[in-house]
Amino acid sequence: MIDIHSHILPGVDDGAQTIEESVKMAEAAVADGIRTIIATPHHKNGAYDNYKNDILIQVNELNRTFQERGIDLEVLPGQETRIYGEMIKGLQQEEVLPLNQESNYVFVEFPSGSVPRYANQLFFDLQVAGYSPIIVHPERNKAIMENPDLLYSFVKHGAYVQLTAASVCGKFGKKIKKFSEQLLEANLAHLIASDAHNTGSRGFCMTEAYGEIRSTFGLDFVYLLSENAEDVLVGRALQAEPPNHVKKKKIFGLF
Ligand code: FE
């Protein structure tokens, strides 16, 4: 299994703090069936900055440690970039790092409570510049929960969406679990990833999430999501069904 979103690099953000914690996370990942993981430290989120070249060096070091300790987990470089107006400049100046460096897929994180007005224009400009934005965990964004059509519009215009496995498993509560299901049902989610920060409260649960999706939506959907994760690594186009609007009635029932 491939996990495209994790905070497994030690001491760079609010994920693993030490190399020992990274090793513990790696063991938990392997136990959950993960063999390839993208390290996506926070960048520009107000608390942490992690620049492309630093990430590349740290990923190499972590791979060396895992090899020395006989841990069967390959780490690839990536970055969880908080949306900012100069993102394209950041990519050109080699500050922002696409997933697996060469893929042209770029993680975009919104602030947890809102979606900036310039996001539509930025996503358009990113695509013109040859990049594909992947919106991370919109199921936990307050503005999108209140108005899922925001997300519909981004997807309609070419953005992709990654849900957090723990959201699908109900680890962030019933509302977020239900909303995650609605996004999957409306073809507004293309990827599942752990966004693991540790081995406790913010662990992996990828196997459990795929299991939930299998029982709700069937095995074909699990294949689509996991093949999309493979395609991200090599920069291939993702499989995406035409998006639908999330049915409002169900949402109103939740709040
Ligand atoms: Fe994250």
Side-chain angles (χ1 to χ4, degrees), residues 1-10 13 15-16 18-41 58-60 62-80 99-101 103 105 107 134 136-137 139-140 160-172 176-177 180-181 183-184 189-236 238-240:
M1 197 161 31
I2 296 164
D3 183 5
I4 64 164
H5 185 159
S6 75
H7 298 268
I8 194 168
L9 279 189
D13 62 9
T18 62
I19 190 73
E20 289 312 317
E21 284 182 22
S22 298
V23 167
K24 273 191 189 155
M25 281 181 74
E27 287 166 349
V30 170
D32 198 26
I34 296 160
R35 293 293 176 275
T36 304
I37 193 165
I38 308 187
T40 52
Q58 288 158 324
V59 163
N60 273 338
L62 194 59
N63 274 316
R64 207 176 314 131
T65 303
F66 291 168
Q67 277 161 17
E68 281 165 13
R69 304 214 188 181
I71 297 167
D72 185 17
L73 182 68
E74 181 191 17
V75 188
L76 301 174
Q79 185 187 60
E80 179 175 11
L99 298 175
N100 199 17
Q101 195 172 351
S103 77
Y105 287 105
F107 267 172
I134 298 177
V136 300
H137 46 67
E139 78 280 7
R140 291 163 48 210
Y160 294 106
V161 170
Q162 174 252 306
L163 297 184
T164 297
S167 300
V168 176
C169 297
K171 300 264 191 308
F172 291 106
I176 288 175
K177 179 181 162 82
S180 302
E181 271 172 25
L183 295 183
L184 286 160
H190 312 93
L191 295 148
I192 303 288
S194 76
D195 194 10
H197 282 63
N198 51 51
T199 52
S201 58
R202 297 290 304 274
F204 289 92
C205 54
M206 289 285 285
T207 300
E208 197 183 325
Y210 278 134
E212 288 270 346
I213 292 164
R214 181 183 174 156
S215 63
T216 310
F217 299 101
L219 190 55
D220 287 356
F221 206 165
V222 172
Y223 285 142
L224 181 146
L225 294 164
S226 50
E227 283 165 13
N228 276 349
E230 282 176 44
D231 291 339
V232 161
L233 298 193
V234 293
R236 251 194 313 257
L238 304 190
Q239 303 172 68

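What you are looking at is a predicted structure, and each value in this text was computed from that prediction instead of being measured. FYI, side chains are in, hydrogens and waters are out, and symmetry mates aren't considered; it's all heavy atoms of this structure.
Put simply, the side chain of Arg202 does not reach to within 4.5 Å of the side chain of His7, judged on heavy atoms. Using a 4.5 Å heavy-atom threshold, the side chains of Leu184 and Leu225 count as touching. When side chains are defined from C-beta on, Glu74 does not count as touching Phe66, because their heavy atoms never get closer than 4.5 Å. Looking at Arg140 and Asp195, their side chains come closer than 4.5 Å, going by heavy atoms from C-beta outward. Counting only heavy atoms from C-beta outward, the side chains of Ser22 and Leu62 approach each other to under 4.5 Å. Taking 4.5 Å as the limit, every side-chain heavy atom of Tyr160 sits out of range of all side-chain heavy atoms of Asn228. Using a 4.5 Å cut-off on side-chain heavy atoms (C-beta onward), Val59 and Leu9 make contact. For the pair Glu27/Arg69, no side-chain contact is recorded, criterion being any heavy-atom separation below 4.5 Å from C-beta on.
The main-chain N or O of Ile2 is never found under 3.5 Å from a side-chain atom of Arg35 such that the two would form a donor-acceptor pair. Of the possible polar contacts, one joining the Ser6 side chain to the Ile38 backbone as a donor-acceptor pair under 3.5 Å is found. Remark: the backbone N or O of Ile34 is not paired with any side-chain donor or acceptor of Asp32 at under 3.5 angstrom. Using modelled atom types, no side-chain atom of Thr216 and backbone atom of Ile213 make a donor-acceptor pair closer than 3.5 Å. A donor-acceptor pair under 3.5 Å is formed between the side chain of Tyr105 and the backbone N or O of Arg236. Between the side chain of Thr164 and the backbone N or O of Ile192, no donor-acceptor pair lies under 3.5 Å.
No salt bridge links Glu139 with Lys171; every basic N to acidic carboxylate O contact stays at or beyond 4.0 Å.
Within a 6.0 Å sphere centred on NZ of Lys177, heavy atoms belonging to other residues, nucleotides or ligands number more than 12.
The line from CD1 of Ile4 to OG1 of Thr36 is 12.5 Å long, rounded to the nearest 0.5 Å.
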